[in-house]
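Here's the structure, in structure tokens; my notes come after.
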Amino acid sequence: MVPTAEKSALVGLNTAQRDAVLASEGPVLIFAGAGSGKTKCLTHRLAYLVREKKAKLGEILLVTFTNKAAQEMARRVLQLLGYPLTNWERHPSLVMRRYLPWVGTFHSICVRILRAEAESIGLKRNFTIFDSDDSLSLIRQIIKELNIDPKQYQPPSIAAVISGAKNELLSPDGFARYVSGHFQELALQVYRQYQRRLIEASALDFDDLIFVTVKALEDNPKIRQKYQQLFRYVMVDEYQDTNNAQYRLTTLLIDRKAPNLCVVGDDFQSIYGWRGANFNNILNFKHDFPAAQIFKLEQNYRSTKTILEGAAFVIGPVRRKAAKKLWTENEIGPPITVYEASNGYSEADFIVSEIRSLRALGYSWSDFAVLYRTNAQSRVLEEIFLAEGLPYRLVGAVRFYERREVKDMLAFLRYLQNPADQLSLTRIANVPPRGIGPRTISTGGPKLVAFLAEIEALRRRTAGQTPLQLLESIIKAVNYQKYIDDGTPEGESRVENVEELLNLAGEFDNLEQFLEHVALVSDVDNYDRGADAVTLMTLHSSKGLEFTAVFIAGLEEGLLPHLRALEEENEMDEERRLCYVGMTRAKKRLYLTLARSRILHGGFTATVPSRFIREIDESLLDWV
DNA sequence: AGAAGATAGCTTTTT
DNA sequence: GCTATCTTCT
């Protein structure tokens, strides 16, 4: 068949995976079910493009959903192609930048394009990236200035409206055409002011990174052609999670005459509808690209037959979905364990004791994950784990980059890099306290002038320093250590966090890259380091991961499925998919637990077992 | 200006 | 039950 490729790109692939790898030209859709070897297929495909189609690594665009996925793909591709990975452990981002510059998330790829094209699109090269927190602070500020009552019109809802508009590629003027009702009128006012302030600050928020890139490509044929010619092959992973702006971006980056576009995904695992993801992108692919070849990876290598069958019952009622069915050659395995606890604490007790007994059978701590719908559920679990002395790792609850001391340090760096960033200035002006309150800032009192002079001197003094040196200079200049280390355990943890930030900074030799990294990297991205421990995280965070034994806690009506989904069919479908994602993380054992009463708003409330349990065929369940 | 205390308001998920 | 925000006091 393809003799030269035999020894490299096709080894160890099943028929469907192999067909998908060999279909290198034209539009291609790969439905990749949970545990079906998607990453393997994608990385082999990339290696095949390089080896057999003579594509250069720099000509392949591969978009992933998280930075972690990007790193993992990059590592495996380089391995397949026989690159030395000696530097990988210490500097993965450096190695990636060098060999695989176009493997990353939509956001990181857009930043790369925007920095390269900044001048020709009227953007400052040193623009700041606002994370959701920054956006929200700015929106709060604007709401106050516009004398809108933040109780009646909550900043997060207004932020959601603005984000939604940007996901639909609507500028304030574009959005104005669709506005109806008082709330949207106000949101539009805020949106206008918000955009003005972002521009003043030379800042882009997350949504702008996509939006502005799309605009740049739309409005500048030269730029568009440049990238269309550069990218011989484009691949998009987790295609079911793309939003409309990302869809538009994708179509702008491919050459319509030779659309070597390969999208990979699974509509069953579409769980980000709430933030604009549109799984119709994957369902309509054949319509958008009539020449598309479609492949389905349906053999699952991860789970037992029982787990897959159970998951099929939960996903079954979803109305809009592509026809496909996972199967496996794996063993039938034990039934799915269901446990009805009387309350949240005994639910946690059960999980702990079950983990203990399995551990006695030879499992290690890291074989276990406890998944839940809402972060609030982690508290009780954590409490019991702590009391029982089980090692655990909490993913996502208190994000590293959202810690005050970390944000302070980053705000200093951001302000040094971009003096127009008033939001960062507001943050650092009084850190540590130096008598500059909100009043002084708005009136520009002498203390503020002195502070600005001090920072300006610091900026000059530290020109050309590495991120690590810069941080050290700042800490010294403002005596930050003394400020955070108050002798309490909290102070100690603050010091540790700053030290961790210093360690991270040491991996970068340029401030721009460092700030870009911290702006775009999430907690899930760097969760895997650390000791042998049980993983606690939300169902959302678990996507893409696998564990020998998985507990899904809180299978109660109103929690999973969540309260907000009970009324609305589309949202209920998303809850199903979310539960499905959680169940298909399990390799050998799956537990579904619930509490008959749970503390809500401070008081115990009786609960009703989740419909998802009732829907699974009894023969697959073992009630204990 | 800043810190302590009181209160309200909220709880889905996050690149 | 928690926290983020507001109020009051120093």
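Every chain is numbered from 1, with letters handed out A, B, ... down the list of sequences.
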Every protein N/O within reach of nucleotides 6-10 of chain C N/O, cut-off under 3.5 Å:
none

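In this structure, Arg140(A) reaches the sugar-phosphate backbone alone: every heavy-atom distance under 4.0 Å involves primed, P, OP1 or OP2 atoms, never a base. If you check every strand for non-hydrogen atoms under 4.0 Å, Asn430(A) touches sugar and phosphate atoms only. Residue contacts shown for Ser132(A) include a base, since a base heavy atom lies under 4.0 Å away. Among the heavy atoms of the strands lying under 4.0 Å from Phe65(A) are primed sugar atoms or P, OP1, OP2 only; no base atom is included.
Place Pro156(A) and Phe206(A) on DNA chain B by their nearest nucleotides, and Pro156(A) ends up nearer the 5' end. Take the nearest nucleotide of DNA chain B for His562(A) and for Ile436(A): the residue whose nucleotide is more 5' is Ile436(A).
Per the stacking criterion (ring centres < 5.5 Å, plane angle < 30°), Trp274(A) stacks onto the base of dT13(B).
Taken to the nearest 0.5 Å, the CG atom of Leu592(A) stands 8.5 Å off from the OG atom of Ser610(A).
Spacing between atom CG of Leu136(A) and atom C1' of dT5(C) amounts to 13 Å, rounded to whole angstrom units.
The side chain of Asn375(A) contributes no N or O atom lying less than 4.0 Å from OP1 or OP2 of dT11(B). Taking side-chain N and O atoms only, Thr538(A) has a distance below 4.0 Å to OP1 or OP2 of dT14(B).
Relative to the six-membered ring of Phe65(A), Lys543(A) meets both conditions, a distance below 6.0 Å and an angle of at most 45° to the axis.
Residues Ala69(A) and Thr66(A) approach most closely at N-OG1, 3.0 Å, considering heavy atoms. The two residues Met73(A) and Thr43(A) have their closest heavy-atom pair at O-CG2, 3.7 Å.
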